[in-house]
S.K.: 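Okay, handing you the structure first.
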Number of protein chains: 2
Amino acid sequence: MHVNASDMVEALRRSGLRITVSRQAICEVLATDHHNHLTANDLLAKVNQKLRGKVAPSTIYRTIDALEAEGLLEHVHLGHGPAVLHLSDDSSHHHLVCESCGRTIDVDTGAFDAAIGLLAAKNGFVASSVHYALIGQCEECAAIIASHLQ
Amino acid sequence: MHVNASDMVEALRRSGLRITVSRQAICEVLATDHHNHLTANDLLAKVNQKLRGKVAPSTIYRTIDALEAEGLLEHVHLGHGPAVLHLSDDSSHHHLVCESCGRTIDVDTGAFDAAIGLLAAKNGFVASSVHYALIGQCEECAAIIASHLQ
DNA sequence: ATCGTTGCAAAATTTTTGCAATTAG
DNA sequence: CTAATTGCAAAAATTTTGCAACGAT
């Protein structure tokens with residue numbers, strides 16, 4: 001845990017962006033929950049819960065854009081579905097995305113630096129590609145497919 | 001170049017899927033053009049051009065799903081915008097995606113096995129994260145941001 | 001003949017944009 | 001006061017689904 005809400009707010013302020021109640025809340029939620037594979041929609045819900053208000057989706061997306069432009073945040077597509085958000089300094093883990101069931105497995109960064117095949121094998125993951133995240137099959141889906149083949 | 005259209009068609013047939021004119025054409029286009037960052041829409045256009053016909057988007061998406069289920073194809077989101085398609089055996093390159101301008105830089109796989117930082121630096125890329133593809137700034141955008149900071 | 005596949009049209013999902021009203025600085 | 005930001009509503013963009021007709025095996 002490194003970047004906190006104040007850091008993010010400060011970065012926005014330094015860039016001449018204005019600090020509104022919404023942006024404050026967005027930064028707080030992100031600082032607290034970003035490791036949780038938050039989607040824009042999740043973020044919207046949490047912000048509105050926190051503010052008991054009606055922050056608009058457009059505000060969420062525009063603030064996400066601003067934070068991305070500042071290099072504080074990234075959005076990432078894990079297989080299908082909406083993008084999930086990550087603080088840029090959260091390099092604690094990577095994802096293995098199963099192309100069959102969509103499950104994602106977090107693996108820590110240290111392991112990533114080792115051979116990719118080793119890392120995949122370690123998680124029972126059959127890597128069919130290392131294109132953009134590790135796409136492949138998780139243990140269960142690999143087993144199912146194997147059984148279909150005989 | 002390894003997987004060709006016949007390979008893909010054969011794989012579909014082996015799985016009990018039927019070979020229709022559309023699927024045949026889809027496999028041909030993918031075998032020819034997949035290295036070209038083809039989107040579902042690009043694929044649709046090329047298939048319809050080839051068939052002088054009106055293949056529906058739903059057919060494209062359903063066939064993409066089938067090919068993914070067979071492990072022959074993957075879709076990948078490069079930053080914003082629609083997913084691009086890659087044959088699973090095309091491990092010839094990876095992507096560096098600039099989070100500022102969206103530009104993607106292809107880098108060959110060999111380099112990827114080396115230290116990630118080294119690989120990024122080699123392309124004038126400042127990696128702010130290696131979450132799901134290498135997200136960061138391309139040379140130009142990094143320069144622009146640097147100039148803003150002084 | 002059977003049942004997977006298609007096209008079409010409609011819907012669902014996710015994200016973007018225009019604009020008048022609001023609000024931070 | 002000024003210009004950035006917001007909410008709202010509408011639109012754009014991408015992908016999914018229902019269904020009757022069609023076509024591969």
Side-chain angles (χ1 to χ4, degrees), chain A residues 8-27 37-70 73-85 99 102 148, chain B residues 8-27 29 37-45 47-70 73-85 99 102 148:
Chain A
M8 304 178 74
V9 167
E10 271 320 301
L12 289 178
R13 202 191 303 280
R14 269 200 310 279
S15 298
L17 298 176
R18 295 179 181 178
I19 308 307
T20 64
V21 179
S22 305
R23 282 182 176 173
Q24 178 77 44
I26 288 171
C27 290
H37 292 174
L38 235 42
T39 65
N41 224 15
D42 295 339
L43 178 55
L44 174 65
K46 295 215 181 226
V47 165
N48 272 328
Q49 178 182 330
K50 180 183 280 252
L51 295 183
R52 277 192 196 63
K54 63 262 132 74
V55 172
S58 51
T59 299
I60 297 292
Y61 283 107
R62 285 189 277 227
T63 300
I64 289 172
D65 286 351
L67 290 169
E68 290 198 86
E70 292 311 311
L73 188 70
E74 290 154 27
H75 75 276
V76 159
H77 292 267
L78 299 179
H80 286 114
V84 303
L85 304 170
E99 67 194 355
H148 279 309
Chain B
M8 304 178 72
V9 166
E10 270 321 300
L12 289 178
R13 201 192 302 279
R14 269 200 310 279
S15 299
L17 298 175
R18 294 178 181 176
I19 308 308
T20 63
V21 178
S22 305
R23 283 182 176 172
Q24 177 80 42
I26 288 170
C27 290
V29 170
H37 292 175
L38 234 42
T39 65
N41 225 16
D42 296 338
L43 177 57
L44 175 65
V47 165
N48 272 328
Q49 179 182 331
K50 180 182 279 252
L51 295 183
R52 279 191 193 63
K54 65 256 133 71
V55 172
S58 51
T59 300
I60 297 292
Y61 284 107
R62 285 189 277 229
T63 300
I64 289 172
D65 286 350
L67 290 170
E68 291 197 86
E70 292 310 311
L73 187 71
E74 289 154 28
H75 75 277
V76 161
H77 293 267
L78 300 179
H80 287 114
V84 303
L85 304 170
E99 66 194 354
H148 280 308

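Each chain gets a letter, A, B and so on, in the order the sequences are listed, and its residues count up from 1. All heavy atoms count here, side chains included; hydrogens, waters and symmetry mates do not.
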S.K.: Could you walk me through whether A:Gln24 and A:Val21 pass the side chain to side chain contact (heavy atoms under 4.5 Å, CB included) check?
M.R.: CA-CA 5 Å; A:Gln24 178 77 44; A:Val21 179; 5.6 Å; no
S.K.: Given that A:Ile19 and A:Ser58 both sit by DNA chain D, which one's nearest nucleotide is further toward the 5' end?
M.R.: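 Mapping each residue to its closest nucleotide by heavy atoms, the 5'-most match is A:Ile19.
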S.K.: Separation of A:Leu67 atom CG from D:dT5 atom C1', in whole Å?
M.R.: 14 Å
S.K.: Specify the separation, in whole Å, of atom NE2 of A:His75 and atom C1' of C:dT13.
M.R.: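 Spelled out: NE2 on A:His75 to C1' on C:dT13 is 15 Å.
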S.K.: Ignoring hydrogens, what is the shortest heavy-atom contact between A:Arg23 and A:Arg18? Give both atom names and the distance.
M.R.: NH1-O, 3.1 Å
S.K.: Which value, rounded to the nearest 0.5 Å, describes the distance between B:Leu12 atom CG and B:Thr63 atom OG1?
M.R.: 8.0 Å
S.K.: Between D:dG7, C:dC8, C:dT15, spot the one nearest the side chain of A:Ser22, thanks.
M.R.: D:dG7
S.K.: Would you mind telling me which of D:dT2, D:dT25, C:dC8 lies closest to the side-chain atoms of B:Arg18?
M.R.: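 For the B:Arg18 side chain, the nearest candidate turns out to be D:dT25.
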S.K.: Is the shortest side-chain N/O distance from A:Arg13 to OP1 or OP2 of C:dG25 below 4.0 Å?
M.R.: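 For C:dG25, OP1 or OP2 has a side-chain N or O of A:Arg13 closer than 4.0 Å.
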S.K.: Please determine whether side chain to side chain contact (heavy atoms under 4.5 Å, CB included) holds for the pair B:Val29 and B:Leu38, giving the CA-CA distance in whole Å, both sets of side-chain angles, and the decisive distance to 0.1 Å.
M.R.: CA-CA 10 Å; B:Val29 170; B:Leu38 234 42; 4.0 Å; yes
S.K.: A side-chain contact here means heavy atoms from C-beta on lying under 4.5 Å apart; do A:Thr20 and A:Thr59 qualify?
M.R.: no
S.K.: D:dT5, OP1 or OP2 - any side-chain N/O from A:Thr20 closer than 4.0 Å?
M.R.: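 Looking at the OP1 and OP2 atoms of D:dT5, neither is under 4.0 Å from any side-chain N or O of A:Thr20.
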S.K.: In whole angstrom, give the distance that lies between atom NZ of A:Lys54 and atom P of D:dT5.
M.R.: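 Whole-Å distance recorded here is 18 Å.
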S.K.: Ignoring backbone atoms, establish whether A:Tyr61 has a side-chain N or O less than 4.0 Å from OP1 or OP2 of C:dT16.
M.R.: no
S.K.: Between C1' on D:dT25 and CG on B:Leu12, what's the gap in Å once rounded to a whole number?
M.R.: 15 Å
S.K.: Expressed as a whole number of angstroms, how long is the span from B:Leu44:CG to C:dC8:C1'?
M.R.: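 Going from B:Leu44 (CG) to C:dC8 (C1'), I get 13 Å.
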S.K.: Using OP1 and OP2 only, check whether a side-chain N or O of B:Arg23 sits under 4.0 Å from C:dT5.
M.R.: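 It does, given that an N or O in the side chain of B:Arg23 lies less than 4.0 Å from OP1 or OP2 of C:dT5.
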S.K.: Just the rounded figure in Å: distance from P of D:dT25 to CD of B:Gln24.
M.R.: 10 Å
S.K.: CZ of A:Arg14 versus P of C:dG25: gap in Å, rounded?
M.R.: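 After rounding, the gap between these two atoms is 15 Å.
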S.K.: Could you tell me the separation between the CD1 atom of A:Ile60 and the P atom of C:dT16, rounded to a whole number of Å?
M.R.: 13 Å
S.K.: On the nucleotide D:dT6, are OP1 or OP2 found under 4.0 Å from the side-chain N or O atoms that A:Arg62 carries?
M.R.: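 Negative; the distance criterion is not met.
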S.K.: Taking only the side-chain nitrogens and oxygens of A:Thr59, find out if one of them lies under 4.0 Å from OP1 or OP2 of D:dG7.
M.R.: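 It does, given that an N or O in the side chain of A:Thr59 lies less than 4.0 Å from OP1 or OP2 of D:dG7.
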S.K.: For B:Asp65 and for A:Leu17, locate the closest nucleotide of DNA chain D by heavy-atom distance; then report the residue assigned to the nucleotide nearer the 5' terminus.
M.R.: A:Leu17
